[in-house]
A.B. asks: 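Supplied in structure tokens, the structure appears directly below.
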Amino acid sequence: EEQAGEERFNALIAEDSRIEPRDWMPEAYRKTLTRQMSQHAHSEIIGMQPEANWITRAPSLKRKAILMAKVQDEAGHGLYLYSGTETLGTPRDVLNDQLMSGKAKYSSIFNYPARSWADMGAIGWLVDGAAIANQVPLCRASYGPYGRAMVRICKEESFHQRQGFEILLELANGTAAQKKMAQDAVNNFYAPSLMMFGPPDGDSPNSVQSTAWKIKRFSNDELRQRFVGMIVEQVKILGLTLPDDELRFDEETGTWLHKELDWTEFKAVIAGSGPCNSQRLQRRRDAHNEGAWVREAAAAYAAKMARKTE
Ligand code: FAQ
């Protein structure tokens, strides 16, 4: 039976069909998807923090309402992704404990502080932009629940990116001080957003297998280059610059070349010593503890309703 399952799995992957939760799958496929999808869910949840911190300080009622909607969308993305991950067999409590204990990774980018209103613009434009570039190909990931979750998430991310771009556009066309604030935000988030795509291909241990299983459709470096090619045009419309003297299109290889990124910093940030790691985790633990009464009340209510229908 195991052999029939494996043959069917291989055939589904070969013909570009989807693997569904009840299908037989290799344990390593289940494990790597649980890893990637839960890291992705954790990123959405931790990613709420830098932006939620700005809701009270957004410069107008309209900006507050937009930012609140965006932060709420991120919560929704986290919830779909946890549900998707649960279909692989690991319950949400376990995933949540892995995040709160610091055992699980989440995206490096959310360990950098959001220091100004312009940073909200740069996060929307660059961070959501990088997220889209990485996630559009994931809509075709071989695992059904992941690919389907990505479709809706990518639609919402596109709106997020536009709101970030629009914040920067307005600041860039504002006073000299506002334009400087916008440029400073772009300078700060440029390199960290390029690092979101993961280590260079030669140093990416999961890539070969994930590509063979059609979870990944493009390599980390391919997606990073595609992203640079997009923002190099968009930054012109903003009237700002990217902090990269080495950025150029290489006619010979047909690729964008960018400056060397600081992979020592990247490793330190994912190992837990970025500027905001401990603050982000502490905030998550506090929120979880403060929300205990909500979970208890919901469970009590569900039990009461179940008794009523008996
Ligand atoms: N940060 O072998 P690879 C968002 C780890 S967008 C931290 O290349 P893989 C939207 C990697 O896990 C952000 N860790 O790994 C939003 C692995 O460690 P492990 C979330 C990283 O999986 C916007 C090790 O390094 N998006 O949230 C990072 O083949 C605004 C070796 O790397 C996703 O998660 C990193 N940047 O490729 C929300 C997308 N890069 O697990 C709020 C889905 C690598 O072996 C506000 N994930 N690592 O211990 C992916 O596409 C892939 O997992 C990659 C990494 C491309 C991130």
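Keep in mind that this is a model prediction, so the values were computed, not measured. All ligand and atom numbering here is 1-based and tracks the order in the structure. Hydrogens, waters and symmetry mates are skipped; everything else that's a heavy atom, side chains included, is used.
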A.B. asks: Assess M37 for proximity to ligand 1: is some non-hydrogen atom of it under 4.0 Å away?
C.D. replies: no
A.B. asks: Using a 4.0 Å heavy-atom threshold (strictly under), name the region of N220 that reaches ligand 1: side chain, backbone, both or neither.
C.D. replies: side chain
A.B. asks: Around atom 28 (C) of ligand 1, find the nearest protein heavy atom and jot down its residue, atom name and distance.
C.D. replies: F266 CZ, 3.5 Å
A.B. asks: I want to confirm something. Looking only at heavy atoms, which of F218, Y106, F110 is nearest to atom 16 (C) of ligand 1?
C.D. replies: F110
A.B. asks: Please determine whether any non-hydrogen atom of Y146 lies less than 4.0 Å from an atom of ligand 1.
C.D. replies: yes
A.B. asks: In terms of side-chain heavy atoms, does Q282 have a donor or acceptor partner in D286 at a distance below 3.5 Å?
C.D. replies: yes
A.B. asks: Which residue holds the protein heavy atom closest to atom 57 (C) of ligand 1, what is that atom called, and what is the gap in Å?
C.D. replies: M196 O, 4.0 Å
A.B. asks: Only heavy atoms count here, so choose which of Q39, E51, E44 is nearest to atom 46 (C) of ligand 1.
C.D. replies: E51
A.B. asks: Show the numbers, then the answer: is there a side chain to side chain donor-acceptor pair (under 3.5 Å) between Q183 and N187?
C.D. replies: CA-CA 6 Å; Q183 182 63 58; N187 292 350; 2.8 Å; yes
A.B. asks: Assess the side chains of N188 and Y112: does a donor N or O sit below 3.5 Å from an acceptor N or O?
C.D. replies: no
A.B. asks: I need the single residue from R30, E6, E20 that forms a side chain to side chain contact (heavy atoms under 4.5 Å, CB included) with M25. Which is it?
C.D. replies: R30
A.B. asks: Got a donor-acceptor contact below 3.5 angstrom from the R284 side chain to the L99 backbone?
C.D. replies: no
A.B. asks: Would you call the rings of F227 and F197 parallel, tilted or perpendicular, taking 30° and 60° as the class edges?
C.D. replies: tilted
A.B. asks: Using the rule side-chain hydrogen bond (donor to acceptor under 3.5 Å, both in side chains), only one of Q161, Q135, K70 pairs with D128; which is it?
C.D. replies: K70
A.B. asks: Only one of S210, P199, S219 passes side chain to side chain contact (heavy atoms under 4.5 Å, CB included) with S204; say which it is.
C.D. replies: P199
A.B. asks: Please confirm whether K70 approaches ligand 1 to less than 4.0 Å, judged on its heavy atoms.
C.D. replies: yes
A.B. asks: Quick one: look at F197 and ligand 1, take heavy-atom pairs under 4.0 Å, and tell me if it's side chain, backbone, both or neither.
C.D. replies: backbone
A.B. asks: Would you call the rings of Y82 and H42 parallel, tilted or perpendicular if under 30° counts as parallel and over 60° as perpendicular?
C.D. replies: tilted
A.B. asks: Measure from NZ or CZ of R226 to the centre of the six-membered ring of F218 and say whether it is under 6.0 Å with the direction within 45° of the ring axis.
C.D. replies: yes
A.B. asks: Atom 42 (C) of ligand 1: which of M150, H160, R224, E74 has the nearest heavy atom?
C.D. replies: E74
A.B. asks: Is it the side chain (CB and beyond), the backbone, both or neither of V269 that lies under 4.0 Å from ligand 1, heavy atoms counted?
C.D. replies: neither
A.B. asks: Quick one: nearest non-hydrogen protein atom to atom 13 (C) of ligand 1, plus distance?
C.D. replies: S107 CB, 3.7 Å
A.B. asks: Which residue owns the protein heavy atom closest to atom 25 (O) of ligand 1, what's the atom, and how far is it?
C.D. replies: I270 CD1, 3.8 Å
A.B. asks: Starting from atom 49 (O) of ligand 1, which protein heavy atom do you reach first, and at what distance in Å?
C.D. replies: K105 NZ, 2.5 Å
A.B. asks: Can you list the steps and then say if D221 with Q225 is a side chain to side chain donor-acceptor pair (under 3.5 Å)?
C.D. replies: CA-CA 6 Å; D221 287 330; Q225 273 164 26; 6.0 Å; no
A.B. asks: Do any nitrogen or oxygen atoms of V127 lie less than 3.5 angstrom from nitrogen or oxygen atoms of ligand 1?
C.D. replies: no
A.B. asks: Heavy-atom distances under 4.0 Å are what count here, so tell me which part of M195 touches ligand 1: side chain, backbone, both or neither.
C.D. replies: backbone
A.B. asks: Starting from atom 8 (O) of ligand 1, find the nearest protein heavy-atom neighbour and note its residue, name and distance.
C.D. replies: S204 OG, 2.6 Å
A.B. asks: Measuring from non-hydrogen atoms of H77 to any atom of ligand 1, is the shortest distance under 4.0 Å?
C.D. replies: no
A.B. asks: I'd like to know whether ligand 1 has S210 as a neighbour, heavy-atom separation below 4.0 Å.
C.D. replies: no
A.B. asks: Check whether any side-chain heavy atom of M195 sits under 4.5 Å from a side-chain heavy atom of W263, and report yes or no.
C.D. replies: yes
A.B. asks: Starting from atom 55 (C) of ligand 1, find the nearest protein heavy-atom neighbour and note its residue, name and distance.
C.D. replies: K216 NZ, 4.3 Å
A.B. asks: Nearest 0.5 Å, what's the CZ-CG distance between R217 and L223?
C.D. replies: 12.5 Å
A.B. asks: Which residue and non-hydrogen atom of the protein lie closest to atom 23 (C) of ligand 1, and at what distance in Å?
C.D. replies: D128 OD1, 3.3 Å
A.B. asks: Using a heavy-atom cut-off of under 4.0 Å, does the side chain or the backbone of R35 touch ligand 1, or both, or neither?
C.D. replies: side chain
